[in-house]
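One structure is given below, encoded as structure tokens.
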Amino acid sequence: MENKADFQYPHTFVLLGASGDLAKKKIYPTIWYLYRDNLLPKNTKFIGYARTKQTLEDVKEKSKKYIKVRPGDESKLKEFWEANDYVSGSYDKRVDYEFLNQHISKSEKGPVANRIFYLAVPPTVFEDVTVNIRNACVSIKGYTRVIIEKPFGRDDESSEKLSSHLAGLFKEEQIYRIDHYLGKEMVQNLMTIRFANQIFSPSWNRENIASILISFKEPFGTEGRGGYFDSFGIVRDVMQNHLLQILSLVAMEKPVTLNPNDIRDEKVKVLRHIKPIDLKNLLVGQYVGNPNGQGEEKLGYLDDPTVPKDSVTPTYAVAVIYIDNSRWQGVPFILRCGKALNERKAEVRVQYKDVPGDIFEGHTKRNELVIRVQPGEALYLKLMSKSPGMKFDLMETELDLTYSMRYREADVPDAYERLILDVFTGTQMHFVRNDELKEAWRIFTPVLKKLETERIKPLPYMYGSRGPREADAKLAESDFKYSGSYKWQKPSLD
Ligand SMILES: NC(=O)C1=CN([C@@H]2O[C@H](COP(=O)(O)OP(=O)(O)OC[C@H]3O[C@@H](n4cnc5c(N)ncnc54)[C@H](OP(=O)(O)O)[C@@H]3O)[C@@H](O)[C@H]2O)C=CC1
Ligand SMILES: O=C1O[C@H](COP(=O)(O)O)[C@@H](O)[C@H](O)[C@H]1O
């Protein structure tokens, strides 16, 4: 943590794009929760900025249904909105930012005042906004930090262009690139699980681990957002960022210290051992409607009116990645993600090798460590045990750390809450550094280009299914064994 001492000074949090979807659904609720829980500096002002001519009352009204208010919080909420303001202005005219600057300055009494700019704006105005912040709005008596949201470009070239643009305006310590998966409880737990447990360290390697599956599944399709999605696809939307970030935390070497740059150095190092993905190691799919489904389920991706009828954009993908270093050589890391599937789930499955010299006549099953990111955080280790009683049979069972049962009182914060608070405290550990981004695009750009120039046709899968049938074969050929024999007995809360 850089600077809790800073908390005594005035802070201004400027939300650019305050009239948009992300602002009302995510950012206003998040800053309210942080404010409600007294986690922010006492003297923090919030300013919404966007082109839309509206009042603060309008902002309040639009975000109302997304803001949770517990009984007794009403006066605090009133106080929160009193600390808010809304300024309307263009994204491209310096004069409007000069006005914004004057507005911010009004509440900046004293020798030090800090400013945070959250860019909840589309990529098309990104350059204008950052140039204008730099020219007219930086703090002259404190820090200025900018939070940016993906997409960070759509390939290596556009991302590099964006990075050089930003580097010309701000120092890397001022730039907070959000990958909200880095704010999730179990993703943050990965380093603790790996490096604070001697039991895992000696086996976390190619000698013991057969394969690692990192999955993201969503039970809904693009639902009218297809226009945006179609120019990106699931590989850019989820795999190149969220899943690759998880991979780097699972695979990296132990950092020298917990210093954010030591951690990010290790993440970059492990990414550098990965070659660009070969087309033969990528499988893509696109959902089609389920004729027997209800409502949305009946519709396929191509039925979305905002999607071109001949689109070959993947809504599902499996990529098999190899890390060419001494720890992981030959171990498949399988990244798998998709929309319009049978369930919502994000998890990591570390599958251990078969027991050598099995004396149990082939009845042993592989150990599997499952780190469930969502829904319902859990960590469980599937293992073999003698079945209780007179018999000497083997059974598949688990050591189970289900958060809702073990930590009943714990309040797991939302990813955005953690990350925005990190920006106030100046902690960049859970943000993406420029060179990480560069490596991520190096790994994915060639295969994305191939998919697009060759117009590779995605495999169809039905809305609400587990994805294309061929995906399981890909898992199997990548040494991920599924037996279907494991049964979990959910413990009762009593
Ligand atoms: N603490 C907890 O909350 C615990 C919960 N459980 C629950 O018990 C249930 C079973 O545990 P789990 O570890 O998932 O057990 P399994 O090893 O049986 O895995 C089941 C998962 O395997 C996948 N699968 C199905 N068919 C295939 C196939 N042909 N090839 C490859 N993969 C396949 C499916 O997920 P997919 O569609 O993603 O491929 C399925 O959900 C889960 O619902 C789990 O959440 C278990 C232990 C602890
Ligand atoms: O970044 C994205 O993530 C969301 C899923 O986030 P989650 O926290 O709900 O798991 C996904 O729906 C969206 O397409 C993608 O851009």
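Atoms within each ligand, like the ligands themselves, are counted from 1 in listed order.
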Could you point out which residue of Q188, Q374, Q245 forms a side chain to side chain donor-acceptor pair (under 3.5 Å) with Y181?
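Among Q188, Q374, Q245, the one meeting side chain to side chain donor-acceptor pair (under 3.5 Å) with Y181 is Q374.
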
State plainly whether the residues [X] and [Y] are in salt-bridge range, i.e. N to O under 4.0 Å.
| X | Y | value |
| --- | --- | --- |
| K150 | D237 | yes |
| K298 | D303 | no |
| E452 | R455 | no |
| R433 | D265 | yes |
| R366 | D354 | yes |

Taking the six-membered ring for Trp, are the ring centroids of F46 and F80 within less than 6.0 Å of each other?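 They qualify: ring centres under 6.0 Å apart.
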
| message | If we ignore hydrogens and angles and just use 3.5 Å, is the side chain of W32 paired with the main-chain N or O of K68 as donor and acceptor? | response |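 Confirmed, W32 side chain pairs with K68 backbone.
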
Per-pair distances, ligand 1 N/O vs protein N/O, less than 3.5 Å:
| unit_1 | atom_1 | unit_2 | atom_2 | d |
| --- | --- | --- | --- | --- |
| ligand 1 | 1 (N) | D400 | OD1 | 2.6 |
| ligand 1 | 1 (N) | D400 | OD2 | 3.2 |
| ligand 1 | 1 (N) | T402 | OG1 | 2.4 |
| ligand 1 | 3 (O) | R372 | NH2 | 3.0 |
| ligand 1 | 13 (O) | R349 | NH1 | 2.9 |
| ligand 1 | 13 (O) | R349 | NH2 | 3.3 |
| ligand 1 | 13 (O) | Y380 | OH | 3.0 |
| ligand 1 | 13 (O) | K382 | NZ | 2.8 |
| ligand 1 | 14 (O) | R349 | NH2 | 2.7 |
| ligand 1 | 15 (O) | K382 | NZ | 3.3 |
| ligand 1 | 17 (O) | K382 | NZ | 2.6 |
| ligand 1 | 24 (N) | R466 | NH2 | 3.3 |
| ligand 1 | 29 (N) | D472 | OD2 | 3.3 |
| ligand 1 | 35 (O) | K345 | NZ | 3.2 |
| ligand 1 | 37 (O) | K217 | NZ | 2.6 |
| ligand 1 | 37 (O) | R466 | NE | 2.6 |
| ligand 1 | 38 (O) | K217 | NZ | 3.1 |
| ligand 1 | 38 (O) | R336 | NH2 | 2.8 |
| ligand 1 | 38 (O) | K345 | NZ | 2.7 |
| ligand 1 | 39 (O) | R336 | NH1 | 2.8 |
| ligand 1 | 39 (O) | R336 | NH2 | 3.2 |
| ligand 1 | 39 (O) | R466 | NH2 | 2.7 |
| ligand 1 | 45 (O) | R372 | NH1 | 2.9 |

query = When you look at NZ of K62, are more than 12 heavy atoms from neighbouring residues, nucleotides or ligands closer to it than 6.0 Å?
reply =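 Atom NZ in K62 is crowded, with more than 12 foreign heavy atoms closer than 6.0 Å.
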
Q) Name the residues in contact with ligand 2, where contact means a heavy atom under 4.0 Å away: which are they? A)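 Protein residues near ligand 2 are K150, H180, Y181, K184, F216, E218, D237, H242, K339, R344, Q374.
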
